[in-house]
Amino acid sequence: PRSLYVHNGSGIIERNSGWTSGFKNIEVKYSAGFTLPDEESGGDYTLPEDIILAVKRMSARIYEKRTAEGISSAENISYKDFLDEDIKSTMSSYYKFR
């Protein structure tokens, strides 16, 4: 049986055997995802360079096609249309497309 159960909607964690009494005596470590680049981190991030390049290429593709395809509002853009095979190939090792 599972000893921990996470309620994804609320973020509540339950433990079958209960918790020790007291305050600030439980530590939770999150070990998934990437640290994003920003000015405050001083370049210290874990987001892979190939993902950064893929996002830049997709952004450039969206920018280039905005007038060619008559895009006048971000409300009507389907971003999956801008994921060509090179971007899908880069991202496939990090995410499974459905």
Side-chain angles (χ1 to χ4, degrees):
R2 293 172 71 179
S3 60
L4 291 175
Y5 182 77
V6 178
H7 298 273
N8 291 327
S10 64
I12 294 173
I13 302 173
E14 290 183 39
R15 184 172 179 218
N16 289 346
S17 58
W19 301 98
T20 57
S21 62
F23 295 95
K24 298 184 180 183
N25 59 0
I26 298 172
E27 181 177 340
V28 176
K29 292 184 180 182
Y30 179 76
S31 62
F34 299 109
T35 304
L36 300 177
D38 62 23
E39 293 177 11
E40 294 177 12
S41 69
D44 187 24
Y45 58 90
T46 61
L47 187 65
E49 290 294 329
D50 55 345
I51 291 179
I52 294 171
L53 179 59
V55 170
K56 287 179 180 180
R57 291 174 73 192
M58 190 174 110
S59 299
R61 205 164 281 127
I62 291 169
Y63 182 79
E64 290 166 357
K65 291 185 176 187
R66 77 192 187 290
T67 55
E69 296 183 7
I71 297 172
S72 60
S73 167
E75 296 174 18
N76 299 323
I77 297 174
S78 175
Y79 292 99
K80 69 178 182 172
D81 296 338
F82 297 97
L83 292 173
D84 58 13
E85 292 307 312
D86 64 323
I87 294 173
K88 286 181 184 178
S89 175
T90 298
M91 301 303 288
S92 66
S93 62
Y94 302 100
Y95 181 81
K96 292 183 180 181
F97 287 91
R98 295 180 185 155

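Computed from a prediction, not measured in an experiment: that's the story for all the values here.
In terms of heavy atoms, I13 sits closest to W19 at O-CZ2, 3.5 Å. The minimum heavy-atom distance linking A54 with I87 is given by the pair O-CD1, 3.9 Å. Of all heavy-atom pairs spanning T90 and D50, the tightest one is CG2-O, 3.4 Å.
Residue pairs meeting the salt bridge (charged side-chain N to carboxylate O under 4.0 Å, His left out) criterion with at least one member in residues 19-28, sequence neighbours excluded: E27-K29. Screening residues 51-60 for salt bridge (charged side-chain N to carboxylate O under 4.0 Å, His left out) gives R57-D86 as the qualifying pairs, with residues at least two apart or on separate chains.
The hydrophobic cluster containing I26 also contains V6, counting ILVMFWY residues as joined when their side-chain heavy atoms lie under 4.5 angstrom apart, directly or transitively. By the rule that hydrophobic residues join a cluster once side-chain heavy atoms approach within less than 4.5 Å of another member, M91 and I52 end up as members of one cluster.
The closest donor-acceptor contact from the side chain of S59 to the backbone of V55 lies under 3.5 Å.
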